[in-house]
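All of these numbers come straight from a predicted model, not from anything done at the bench.
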Amino acid sequence: MESYFDEKESFCVSRATEQIKEITSFFVKIGLYANLKGFDYLICAVEEVLKYPELLHSMTKVLYPKVAERFSTTACGVERNIRNAMAKV
């Protein structure tokens with residue numbers, strides 16, 4: 001039997017998943033190509049910012065390295081690929 005906290009946690013996860021789907025859809029609608037590495041990095045970054053909004057204040061010091069760690073790359077590569085993806089819009 002699920003406790004109140006399990007229910008609440010699963011609701012938050014499903015709500016976050018819906019938000020990510022909406023954001024992904026928005027990025028595709030504005031012309032961001034899903035085949036670019038920067039697209040995946042951007043989705044990951046948005047996902048992290050939804051969880052921890054304070055990351056917006058330290059993007060290059062904390063957010064990009066966190067995304068880089070998840071994709072086994074460098075923070076500079078993450079920033080470059082996100083800029084490249086945004087330039088294509």
At what distance, to the nearest 0.5 angstrom, does [atom1] of [X] lie from [atom2] of [Y]?
X: R80; Y: T74; atom1: CZ; atom2: OG1; answer: 6.0 Å
X: I23; Y: K21; atom1: CD1; atom2: NZ; answer: 13.0 Å
X: F27; Y: I43; atom1: CZ; atom2: CD1; answer: 5.0 Å
X: M86; Y: L32; atom1: CE; atom2: CG; answer: 6.5 Å
X: L42; Y: L36; atom1: CG; atom2: CG; answer: 11.0 Å
X: E48; Y: Y52; atom1: CD; atom2: OH; answer: 7.0 Å

- Please step through side-chain contact (heavy atoms from CB on, under 4.5 Å) for the pair F39 and V28, ending with a clear verdict. CA-CA 9 Å; F39 184 88; V28 170; 4.1 Å; yes
- Under 6.0 Å between ring centres, would you say that holds for Y41 and F71?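 Yes: the rings meet the under 6.0 Å criterion.
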- With the threshold set at 4.0 Å, does a side-chain nitrogen-carboxylate oxygen contact exist between K66 and E69?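 No.
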- Query: Do you know which two heavy atoms are closest between M59 and P65, and how far apart they sit?
  - Reply: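 Closest heavy-atom pair between M59 and P65: O-CD, 4.1 Å.
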- For V67 and C44, work out which heavy atoms get closest and say how close.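 That would be CG2-SG, 3.9 Å.
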- Message: So for atom NZ, which belongs to K29, do other residues, nucleotides or ligands contribute more than 12 heavy atoms lying within a distance under 6.0 Å?
- Response: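 No.
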- Is a donor on one side and an acceptor on the other found under 3.5 Å between the side chain of N81 and the backbone of G77?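 Between the backbone of G77 and the side chain of N81 there is a qualifying donor-acceptor contact (under 3.5 Å).
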- Query: Between T24 (side chain) and I20 (backbone), is there a donor-acceptor pair under 3.5 Å?
  - Reply: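 Answer holds: yes.
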- same_hphob_cluster(I30, Y33) at 4.5 Å side-chain heavy-atom cutoff: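 No, separate clusters.
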